[in-house]
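Below is one structure; the comments refer to it alone.
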Amino acid sequence: MPELPEVETIKCELSPSVAGKTIENVELLSERIVKRPSHEEFLKGVIGRRIESLSRRGKYLIFCLDSGNFLIMHLKISGSLFVSKNREDMPKYTKAVIALNDGGYIFFRDPRSFGRMWLDKDTSEVEKMLGPEPFTQEFTLEELEKRLARRHIPIKAVLLDQAVIAGIGNMYADEVLYASKIHPLRLASSLSRREIKKLHDNILRILSLAILSKGASVQNYFRPSGEKGKAHFNFKVAHGLGGKDCPCGGEIIRIVVRGRGTYFCPKCQK
DNA sequence: CCCGGAACCTGAAGGC
DNA sequence: TGCCTTCAGGTTCCGG
C-alpha cells in the first residue's frame, strides 16, 4: 500500500525518467481511471505538454506541466507506476499508458481500481484536504499537540486522518504506535506531552527509515523499476509481519479500529 | 462541527 | 479440485 515513504520513493525514482520529457500520447484503458475532466478533455490537456517536475504532497503524486496545469495521481491501495522503453512490457491490470517523447512509457497499474488521476489548474484542492507534511517546518511538536488535543477518538484513527498529518497510512500508523508504546485505542486527547513527543519523534524516524529502504512491499507496491522495497523487513507489528510474539513476551494481537486491521502488543502499548 | 460506518473494487485466502 | 464467502484498505460520502 503506497503511503508517504512509498510515494516518495516513486517520486524520486520516476523523476529522472519524466522531468523535462514531453507527453506524446496517453492511452486510457479504464473508464474510471481519470476522475476529471472528461477523457477527451483530459487527453487534450496532457498530450503535447512537457513535464517540468514531479513532486509529492502526502500520498499524492503531482506532475507539474508546462501549461501551468497539474496532473495529479493517487495510487490508493493497490496502484503502482512501472517504467519501460518497451510497450510490450505492459503489466497486467494496467489502467493507463503514458508515452513520452524519448520512447519511454509509464504504466499505471492497479488491480483494485481505486487509483485515480486528474487534471487541475493548481494544487489548492489537495492542499486544502491535508494537514502538515511530516518533513517540513510546519510539522512541529506544538502543532501536533494542538491537533491531537481536540480529537476525542482513538489515536490510531487520528494518525490515519490526512487532515491531521499528511501521508501516514495503516502500516506506518501501527509501527509508530508500537514504537511509542501507545495503545491504538487511546483517545488522542488523552495523550500526555511526553507521549506526543515520542509519537512526533517516531513518525519522523520511522518514515525516514522507510524512505531509505525504498518503501514497504506488502501486497501490490512496486518501485517504477519493478523492484520491491525493503521497509517491511523493519516492521515490528504492521500487517502481522513482526511475528506472533513481541520481544517483551506479550502476544501481538489484531483488532479492528475504524474498519482497519490494527496490530499491536497489549503488554507494551498502554 | 464531530464522529462512525458504508461504499467503492477485486484478487487472494479460507471454508466446505 | 472447485465453488462460494469473506477480507483488505485510502478516501469519500452520508447520516446521526
Side-chain angles (χ1 to χ4, degrees), chain A residues 1-11 28-36 56-62 72-81 91-96 108-118 120 123-131 133-134 146-177 184-190 203 207 210 215-222 228-229 231-232 235 237-242 252-264:
Chain A
M1 279 129 277
E3 303 180 21
L4 188 154
E6 289 72 33
V7 183
E8 178 66 18
T9 301
I10 292 168
K11 184 207 80 181
L28 302 174
L29 307 177
S30 141
E31 198 52 47
R32 292 177 300 251
I33 187 67
V34 172
K35 189 157 78 169
R36 66 166 182 269
R56 177 192 62 74
R57 177 75 168 93
K59 303 173 193 170
Y60 295 81
L61 196 58
I62 302 169
I72 305 176
M73 289 184 184
H74 197 300
L75 302 173
K76 293 288 178 83
I77 62 172
S78 61
S80 62
L81 298 177
K92 203 175 172 185
Y93 311 118
T94 294
K95 307 296 180 185
F108 189 156
R109 174 185 183 274
D110 188 8
R112 287 285 177 282
S113 306
F114 281 116
R116 296 287 184 272
M117 59 182 176
W118 61 97
D120 240 326
T123 58
S124 63
E125 188 177 304
V126 166
E127 207 54 51
K128 204 171 57 191
M129 295 187 302
L130 299 177
E133 187 66 36
K146 207 174 81 186
R147 286 166 179 265
L148 297 190
R150 50 175 184 243
R151 303 304 299 271
H152 306 290
I153 57 172
I155 182 61
K156 168 75 187 264
V158 176
L159 291 178
L160 294 179
D161 185 346
Q162 303 301 297
V164 175
I165 312 163
I168 299 178
N170 203 36
M171 304 182 296
Y172 295 107
D174 282 1
E175 287 303 311
V176 165
L177 288 173
L185 291 177
R186 284 278 302 285
L187 296 187
S189 53
S190 79
I203 288 169
L207 293 181
S217 280
V218 300
Q219 296 191 7
N220 284 293
Y221 166 72
F222 296 98
K228 293 184 169 190
H232 52 294
F235 283 178
V237 287
H239 234 75
L241 292 175
I252 292 167
I253 64 167
R254 179 185 182 276
I255 60 172
V256 174
V257 181
R258 284 296 300 274
R260 295 292 165 258
T262 299
Y263 293 86
F264 73 108

Give the rounded distance in Å between these two atoms: CG of L75(A) and P of dT11(C).
-> 11 Å
Of all nucleotides in DNA chain B with an atom under 4.0 Å from a non-hydrogen atom of chain A, which is the first and which the last going 5' to 3'?
-> dC3(B) to dG11(B)
Nucleotide dG10(C), atom P - distance to CD1 of I168(A) in whole Å = 12 Å
Between atom CG in D161(A) and atom C1' in dC13(C), what is the gap in whole Å?
-> 15 Å
Mind checking G259(A) for me? I need base, sugar-phosphate or nothing, with any heavy atom below 4.0 Å counting as a touch.
-> nothing
R260(A) CZ to dC7(C) C1', in whole Å, measures 11 Å
What's the CG-P distance between N170(A) and dG10(C), to the nearest Å?
-> 5 Å
Under 4.5 Å between any side-chain heavy atoms of K228(A) and F222(A), yes or no?
-> yes
Table of protein N/O atoms under 3.5 Å from nucleotides 14-16 of chain C N/O atoms:
none

Rounded distance (Å) that lies between atom P of dT11(C) and atom CG of L61(A) | 14 Å
H239(A) side chain near dG9(C) phosphate (N/O to OP1/OP2, under 4.0 Å) | yes
Please report, rounded to the nearest Å, how far the P atom of dG10(C) is from the NZ atom of K76(A).
-> 10 Å
Can you name the ring-ring contact (aromatic ring centres under 6.0 Å, His included) partners of H232(A), sequence neighbours left out?
-> none
Does K35(A) or M1(A) map to a spot on DNA chain C nearer the 5' end, using the closest nucleotide for each?
-> M1(A)
For R258(A), report the nucleic acid contact type (base, sugar-phosphate, nothing); a contact means any heavy atom under 4.0 Å.
-> base
Partner set under salt bridge (charged side-chain N to carboxylate O under 4.0 Å, His left out) for R56(A), not counting sequence neighbours = E8(A), E133(A)
Residues in salt bridge (charged side-chain N to carboxylate O under 4.0 Å, His left out) contact with K95(A), at least two apart in sequence or another chain | none
Sequence neighbours excluded - side-chain hydrogen bond (donor to acceptor under 3.5 Å, both in side chains) pairs with any residue from residues 72-81 of chain A | S78(A)-D110(A)
Would you tell me if any nitrogen or oxygen in the side chain of Q162(A) comes within less than 4.0 Å of OP1 or OP2 on dT11(C)?
-> yes
For the residue pair Y221(A) and E3(A), confirm or rule out a side-chain donor-acceptor distance under 3.5 Å.
-> no
Which residue lies more 5' along DNA chain B, comparing R150(A) with I77(A) via nearest heavy atoms | R150(A)
Side chains of residues 157-169 of chain A: which donor-acceptor pairs under 3.5 Å do they make with residues two or more places apart or in other chains?
unit_1	atom_1	unit_2	atom_2	d
D161(A)	OD1	A163(A)	N	2.9
D161(A)	OD2	R151(A)	NH1	3.1
Q162(A)	OE1	G167(A)	N	2.8
Q162(A)	NE2	L160(A)	O	3.1
Q162(A)	NE2	I168(A)	O	2.9

Taking the side chain as C-beta and beyond, is there a heavy-atom pair between V237(A) and E175(A) under 4.5 Å?
-> yes
Kindly write out the residues that satisfy ring-ring contact (aromatic ring centres under 6.0 Å, His included) with F108(A), not counting sequence neighbours, or none if the list is empty.
-> none
Value in whole Å for how far the C1' atom of dG10(C) lies from OH of Y172(A) | 15 Å
For residues 109-117 of chain A, which residues have at least one heavy atom under 4.0 Å from DNA chain B?
-> P111(A), R112(A), S113(A), F114(A)
For E125(A), check salt bridge (charged side-chain N to carboxylate O under 4.0 Å, His left out) against everything at least two apart and list the hits.
-> R36(A)
Would one find a side-chain N or O of H74(A) under 4.0 angstrom from OP1 or OP2 of dT11(C)?
-> yes
Not counting sequence neighbours, which residues clear side-chain hydrogen bond (donor to acceptor under 3.5 Å, both in side chains) with S217(A)? List them please.
-> none
Residues at least two apart in sequence or cross-chain that pass salt bridge (charged side-chain N to carboxylate O under 4.0 Å, His left out) with K156(A), listed by chain then number, are D174(A)
